[in-house]
Every structure is written in C-alpha cells, then in structure tokens.
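Presented below is the structure to which this report refers.
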Amino acid sequence: MAILVTGGAGYIGSHTVVELLAHGEQVVVIDNLQKGHAQAVQTPVFYKGDIRDRELLDQVFRENKIEAVVHFAADSLVGESVQEPLKYYDNNVIAAHTLLTKMIEHNVKKIVFSSTAATYGEPEKVPIVETDATNPTSPYGETKLAIEKMLKWCDRAYGLKSIALRYFNVAGAHPDARIGEDHTPESHLIPIILQVALGQREAISVFGEDYPTEDGTCIRDYIHVMDLANAHWLALNRLREKGESGIYNLGNGTGFSVKQVIETARSVTGHPIPAIIAQRRAGDPAVLIASYEKAQAELGWKQRYNSLHEIIETAWNWHKSHPHGYPRD
Ligand code: UDP
C-alpha cells in the first residue's frame, strides 16, 4: 500500500517524502508545480496535476493502492491571503473538499493534514496549547481551520481518521542539502537573511522594533523541516495503530527574536548581514511559541534539531550549494 502526498514537490512536502521513503514507505506524489519544483520530487511515482481535478484523482486512486494521504497542497502566504481571499478558499478549502470527497469514494480513510499556528491568531498566552482559542487573523489561517473542521465532521459521518499538524515556523533543509526551501518571491525570514549572506540582497529589513519583547522584535518558534517531516510519519503510524483523530502543535517550544535569528545567521555564515529597521508587517503577533507536549506524549515525537544554529546551518548548506534554488522547471 502507498501513501499519497499532495504537494510533494513543495518545501515541507518534499522533505516529508524523503522521510517516508527512509522508513520504507511507498510514496505517490501529486503536485501541480505552481509553487513546487519537479526536481524536488523524490519518488518516481509522480502525477503532475491539481487536486481539484476529480478525474485525475480517480486515476491516482485507481492506479495505486493508497492507504493514506498526507495533504500539503495549498497556498500558504498570510499577506497574499488577505489580498486574495477567494484564491485561498479555492486552493485550500475547495481543493481539500474535492480530495476528501474522492478519498471517501475510494474508501481511503486516513489523512495527515498540514495545518498551521495561524489557526490561533493573536495568542492569549504562550506557550500555545492545542485547546487554546482559534481566532485566525487571515484568510490563510481561516481556510486551514475550516479544513480542520471539515475533517472533524468527516470523521463523525464517514469514519475518516485525521491528524492535523499545526506548524510553527519551519526552517532548515535536508542535511545532505539535496532539497531545500525555494520560494519565488521569498518572504520568510531565514532564507531572506541567507540571501543577504550570499550577496543577493543588501540588507535584511527587520519588521518592527517596538514590540513588547526584550529587544523589541517579534519572537517565533523555529522547527527544523526534517523534524516536522518525521512528525508526519509518526502521525501516520498513530492513525494506523490507534485510529484516533487529533490535532497537534509542532514547534521547538523555544522562542527566538528576529534580532537573535540574524545574530545566529551571522555566526553560521561569517557574513556581517546588515540589518535595517523597517515598519511592522500587518498581522504579525509579537510572540508565537508552541507547547509540543501533546505531540511528544502521544506521537512519541522528539526533535533532532533543537538548536537554532544547527537549523540555520542546514539551510545555509542548501542555499550555498543552490544559490538560485532549483534549476528552473
Ligand atoms: N521578518 C522580518 N523581515 C523579513 C521577513 C520576516 O523581520 O524580511 C519577521 C516577521 O515579521 C516575523 C518573523 O520574521 O516576525 C518570521 O517571519 P516569517 O515570514 O519567516 O514567518 P511567519 O512568522 O510569518 O510565519
């Protein structure tokens, strides 16, 4: 039986494919390559296409014995989602609806879903636990939460078992630097900082220095992409063994400010990485830190990369060896 990974050509999807293969799983990927890269697909069984394409999904489920789905395919930029909410409802909610409909039709009843800390919105307290209030402040968070709720009702009605993983800030790359992060345009902090170290940008703009934190910059919880990938495999096994749906945070439980991230990147790269203070970015909470106790207790999840230095080092190895990302598709 195989695992179907939607969005397996994307950043987190491609790393999860590698992790699943390393554990002896058979993996089938579907990706429309709108944001993903053909070179990132690490399994030979690859369908290029969209999960809103019902006929293609029928074909994938007919041609492969699919045991479970790991669902990444989605749009994931907070700012863009505020500008284009309908695109997010289409690419995220409608796409998930189509996928779930086809899963039920083909009697596939297990799914691991890529969710986000953006489902919480502005946290009431940190560290955030899974039972805290969910009040998303963007269509991105709202669409991911809508899918979580759709999954809950599909469990009740059809016995579809799901695990939703709420990611905090994902960073780093596979330790052998074969695959890594490549977004165009790039908007995430660590890759942008590393573009400065590569001489591709003059400076990093720090979005706001007047937050109620020790150094005035935002604090985030950075988790290594391979640790995250491993959690997907553990979630799959939990579904196999316990058959219980659930929601889990995934973060390191430690916060780093934007200035601390820049300082660590200076030490990793040996580059001065000039920083300039800019305006706050709309919708950024001051502090986001995960409690990962539930994932640790129930999934048996344990981080292999819990130092920011190591996380940035793996990202740096990828960016140094692929200064322009993947060869253009
Ligand atoms: N950030 C920044 N400059 C940048 C990009 C990001 O200061 O060029 C800050 C951003 O305001 C946030 C943190 O870095 O506080 C992490 O942002 P990122 O976009 O990487 O992830 P997010 O927290 O939005 O998921």
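The first residue in the sequence is number 1, and the count goes up from there. In each ligand, atom 1 is the first atom listed, and ligand 1 is the first ligand listed.
Ligand 1 lies out of reach of Val78, whose nearest heavy atom is not under 4.0 Å from it. Tyr140 does not count as a contact of ligand 1, since none of its heavy atoms falls under 4.0 Å from the ligand.
Looking only at distances, a side-chain donor or acceptor of Arg266 sits under 3.5 Å from a matching main-chain atom of Pro272. No donor-acceptor pair under 3.5 Å is formed between the side chain of His322 and the backbone N or O of His324. One N or O on the side chain of Asp221 and one on the backbone of Gly253 form a donor-acceptor pair closer than 3.5 Å. With hydrogens and angles disregarded, no donor-acceptor distance shorter than 3.5 Å links the side chain of Ser162 to the backbone of Ile111.
For ligand 1, the atoms lying closer than 4.0 Å to a non-hydrogen atom of Ser187 are 5 (C), 19 (O). Near Cys218, meaning under 4.0 Å from one of its heavy atoms, ligand 1 places the atoms 15 (O). In summary, the atoms of ligand 1 found under 4.0 Å from a heavy atom of Val206, numbered by their order in the structure, are 7 (O). Atoms of ligand 1 lying under 4.0 Å from at least one heavy atom of Ser205, given by number and element, are 2 (C), 3 (N), 4 (C), 7 (O), 8 (O). The atoms of ligand 1 that sit less than 4.0 Å from any heavy atom of Ile192 are 8 (O).
Counting all heavy atoms, side chain and backbone alike, Lys161 lies closest to Ser245 at CA-OG, 3.4 Å. Nearest heavy atoms, Gln42 versus Val18: CG-CG2, 3.5 Å. Met150 and His97 make their closest contact through CE-N, 3.8 Å (heavy atoms, listed as atom of the first residue, atom of the second, distance).
The closest protein non-hydrogen atom to atom 9 (C) of ligand 1 is Val258 CG2, 3.8 Å. Shortest contact from atom 11 (O) of ligand 1 to any protein heavy atom: Asp284 OD2, 2.6 Å.
Aromatic pair Tyr326/Trp318: ring centres closer than 6.0 Å. Separation of the Phe72 and His232 ring centroids falls under the 6.0 Å cut-off.
Both the backbone and the side chain of His188 come within 4.0 Å of ligand 1, judged by heavy-atom distances. Within the 4.0 Å heavy-atom criterion, neither part of Phe256 lies near ligand 1. Residue contacts with ligand 1 for Ala118 are absent, since no atom lies close enough (heavy atoms, distance under 4.0 Å). Contacts between Leu189 and ligand 1 below 4.0 angstrom, taking non-hydrogen atoms only, involve backbone and side chain alike. Residue contacts with ligand 1 for Asn169 involve side-chain atoms from C-beta outward but no N, CA, C or O (heavy atoms, distance under 4.0 Å).
On a distance-only criterion, Arg281 and ligand 1 share at least one N/O pair closer than 3.5 Å. Residue Ile204 has no N or O atom closer than 3.5 Å to an N or O atom of ligand 1. Residue-to-ligand polar distances place Phe207 within reach of ligand 1: an N/O pair is separated by less than 3.5 Å.
Two residues are said to be in side-chain contact when any heavy atoms from C-beta on lie closer than 4.5 Å; Ile163 and Leu239 meet this criterion.
A side-chain donor-acceptor contact under 3.5 Å links Asn230 and Glu19.
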